[in-house]
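Below is one structure, written out as structure tokens; comments come after it.
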Amino acid sequence: TRSTRPQRLLAAVQKNATRGDPRSVVKAIDEFCRYTEWAMNVGDEKGCILDSVVSEVNPATVLELGTYCGYSTVRIATLLPPDAKLITLEFNPDFAVIARQVIAWAGQEEKVHLVEGSSGDLIPKMKEQFGVKSFDLVFLDHWKDRYLPDAKLMEECGLLGKGSVLLADNVICPGSPDYLDYVRNSPKYRSQYFKSHLEYTKVEDGLEKSVFLG
Ligand SMILES: Nc1ncnc2c1ncn2CCOCCNC(=O)c1cc(-c2ccc(F)cc2)cc(O)c1O
Ligand SMILES: [Mg+2]
């Protein structure tokens, strides 16, 4: 039977990237998606904004919602110190299988804990099951209609501390209007929009960075 897009993306990584070299993995995925087959990675343009926020926050604990093929997982992990922890949640087991191999090819397995399941089920288990006190950075890149309920769920579960940063992909395209409205108007957040483009296209999109004020 025909291969899947994530399988073809992994093959491109294994063919064109150097094992243990995360930058070559990122480059191989960007080239595959730009010149061969579009895929919903955060991409190179928004990826640079992601890198700058990760470097600025310098997080000890990171939560990523929506792993897909592990592209942003690798970008984030590469910037973390060796004792930092990145927990990434993926709902789709077929995506998770690919992501584990992309993360391994980039040599980032040590810092990454990929957990299969839905954010709504797993977020309430973060403290007891993964020994997390709070997240310094959360990258939201999963179902766009889960951004708002999951932000509220993380508040309720005490997973956000004063200064915790939420960084949300696709706030314009596909869009998450209820989430944007919430973080931009709630006194609990200071929010900032980073205008960019939908990965590998000229369509407008952007990232929303929201600092939790406690
Ligand atoms: N642990 C979890 N809990 C809950 N849900 C979960 C989960 N893990 C995964 N999921 C499910 C959803 O995961 C993928 C979500 N991402 C996107 O849908 C996405 C779509 C586009 C896009 C597509 C087509 C266009 F025309 C234009 C834009 C671009 C992007 O950058 C996107 O990120
Ligand atoms: Mg996205």
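For ligands, and for the atoms within them, numbers begin at 1 and follow the listed sequence. Heavy atoms only: backbone and side chains are in, while hydrogens, waters and symmetry mates are out.
- Under 3.5 Å, the side chains of S191 and R184 contain no donor-acceptor pair of N or O atoms.
- Taking every non-hydrogen atom of W38 and a distance limit under 4.0 Å, the qualifying atoms of ligand 1 come out as 22 (C), 23 (C).
- Within the structure, ligand 1 lacks R146 among the residues with a heavy atom less than 4.0 angstrom away.
- Expressed to the nearest 0.5 Å, how far CG of L65 lies from OG of S119 amounts to 5.5 Å.
- At a 4.0 Å cut-off, at least one heavy atom of G117 sits close enough to ligand 1 to count as contact.
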Cut-off 3.5 Å, no hydrogens considered: what does the side-chain donor-acceptor table look like for residues 79-94, sequence neighbours left out?
unit_1 : atom_1 : unit_2 : atom_2 : d
K85    : NZ     : E110   : O      : 3.2
T88    : OG1    : E64    : OE1    : 2.6
T88    : OG1    : T67    : OG1    : 2.6
E90    : OE1    : T67    : N      : 3.0
E90    : OE1    : Y68    : N      : 2.8
E90    : OE2    : N92    : N      : 2.8
N92    : OD1    : D94    : N      : 2.8
N92    : OD1    : F95    : N      : 3.2

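- Considering backbone and side-chain atoms together, S118 places no N or O closer than 3.5 Å to any N or O of ligand 1.
- When hydrophobic clusters are built by joining Ile, Leu, Val, Met, Phe, Trp and Tyr residues whose side-chain heavy atoms come closer than 4.5 Å, directly or via intermediates, L159 is grouped together with V183.
- Across all their heavy atoms, A28 and V13 have their closest contact at CB-CA, 4.3 Å.
- Without hydrogens or angle criteria, Y71 side chain to M40 main chain gives no donor-acceptor distance under 3.5 Å.
- A heavy-atom separation below 4.0 Å is not found between L65 and ligand 1.
- Atoms of ligand 1 found under 4.0 Å from any heavy atom of L89 (numbered from 1 in listed order, with element): 1 (N), 8 (N).
- Neither the backbone nor the side chain of N41 has a heavy atom within less than 4.0 Å of ligand 1.
- Scanning all heavy atoms of the two residues, the minimum distance from P22 to Q108 falls at CG-NE2, 3.6 Å.
- Taking a cut-off of 2.8 Å, the protein N, O or S atoms nearer than that to the Mg ion (ligand 2) are D141 OD1, D169 OD2, N170 OD1.
- Considering backbone and side-chain N/O of F91, one or more are found under 3.5 Å from N/O of ligand 1.
- In this structure the side chain of K46 reaches within 4.5 angstrom of the side chain of N170, judged on heavy atoms.
- There is a path of hydrophobic side-chain contacts, each under 4.5 Å, that joins V42 to I103.
- Nearest heavy atom pair, residue G206 against residue I172, reads N-CG1, 4.1 Å.
- By the 4.0 Å heavy-atom criterion, Y68 is excluded from the residues contacting ligand 1.
- Within the structure, the closest approach of N92 to ligand 1 does not fall below 4.0 Å when heavy atoms are considered.
- Among protein heavy atoms, the minimum distance from atom 29 (C) of ligand 1 is reached at E199 OE2, 3.2 Å.
- For ligand 1, the polar-atom distance check against S119 finds a nitrogen or oxygen pair separated by under 3.5 Å.
- Between the side chains of S196 and D205, no donor N or O sits under 3.5 Å from an acceptor N or O.
- The shortest side-chain heavy-atom distance between W105 and R100 does not fall under the 4.5 Å cut-off.
- On a distance-only criterion, T67 and ligand 1 share no N/O pair closer than 3.5 Å.
- Residues D44 and Y200 bring no donor and acceptor atom of their side chains to less than 3.5 Å of each other.
- At a heavy-atom cutoff of 4.0 Å, ligand 1 is contacted by the side chain of N170 but not by its backbone.
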